[in-house]
Amino acid sequence: MGFSLDKVVPWGRSFEEYVKMFNLSDDDLKRRILGCGDGPASFNASLTRRGGNVVSIDPIYNFDLIQIKNRITETYDVVIEQLRKNKDDYVWDTVPSVEELGRIRMSAMELFVSDYETGKNKRYIAGELPILPFENEAFDLALSSHFLFLYSEHLSAGFHVLALQEMLRVANEVKVFPIVTLNGAPSPHLNSVIESLENQKLRVEICKVDYEFQRGANQMLVVTQ
Ligand SMILES: C[S@@+](CC[C@H](N)C(=O)[O-])C[C@H]1O[C@@H](n2cnc3c(N)ncnc32)[C@H](O)[C@@H]1O
């Protein structure tokens, strides 16, 4: 079955959010970075503007600008409505309201949209975990924001292990945020995935980060060779 855009709810985070989620230092931002499942996030656009070296892969990059833009417009009100209904599941310290969050997300997605055609097939590569179209160690750092663990109900533990192994084939270090599911519970796959990676002599750490929007989602998984 092919990847279908109408199953995706495009919702892109900003550069500043990526920096906090993954605790990225100025030195980290100079590394060769791969974002897996970056979708319409503006991390790639912003980091490229700052002179960084970043590639994003996502199945939505199989689609053209108009198709992605239409999907963003189509789903925006639905997401905002869901957030209003589930407001208590989120921490409203730094972002004071649903409206303000909508504005922040939309401006991140607009930045992505303005950069997409320039970067398409170079910095925005159509692809899908658990297979990455890159050479071994082509990157220093591979990131997964709001894809692995978050969708534990849809993606098996086996998928997670394969995806993380593949990310570690192409990068020396992998960071995943968050490690909870969509309903805010710890991922049921977390322990078995960690065990499997440790059995392969990989170093696994869970680190607290200075970012929490979904309540309880303030830790990232770091895996190194
Ligand atoms: C919730 S969005 C997160 C977007 C972005 N990383 C962020 O945090 O703002 C999840 C993304 O995962 C992408 N995705 C779905 N299946 C994937 C796969 N097998 N490999 C990589 N990305 C995938 C979706 O297309 C979507 O863009």
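Atoms within a ligand are numbered from 1 in the order they appear, just like the ligands themselves.
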Exam field: side chain Q214 to backbone T181, donor-acceptor pair closer than 3.5 Å: yes

N or O contact, R13 vs ligand 1, cut-off under 3.5 Å: yes

Proximal ligand 1 atoms for I60, defined as those under 4.0 Å from one of its heavy atoms: 25 (O)

Note: R105-E110 ion pair, threshold 4.0 Å (strictly below): no

Enumerated ligand 1 atoms positioned under 4.0 Å from heavy atoms of Y18: 5 (C), 6 (N), 7 (C), 8 (O)

is_close_aromatic(F177, Y211), centroid dist under 6.0 Å: yes

Proximal candidate to atom 4 (C) of ligand 1 [heavy atom criterion; set P59, A41, G37, S42]: G37

N/O separation below 3.5 Å, I57 to ligand 1: no

Close-contact set for ligand 1 against G12 heavy atoms, below 4.0 Å: 9 (O)

N-O pairing of R32 and D140 below 4.0 Å: yes

Proximal candidate to atom 8 (O) of ligand 1 [heavy atom criterion; set S144, A126, S145, P40]: S145

Closest non-hydrogen atom pair, I80 against W11: CD1-CH2, 4.0 Å

Numbering as shown, the atoms of ligand 1 that approach G39 to under 4.0 Å (heavy-atom distance): 27 (O)

Ring centers of H189, F149 separated by less than 6.0 Å: no

Per-residue contact class, Y151 against ligand 1 - non-hydrogen pairs under 4.0 Å: side chain

Close approach of F43 to ligand 1, heavy atoms, under 4.0 angstrom: no

K87 side-chain N/O to V98 backbone N/O, donor-acceptor pair under 3.5 Å: no

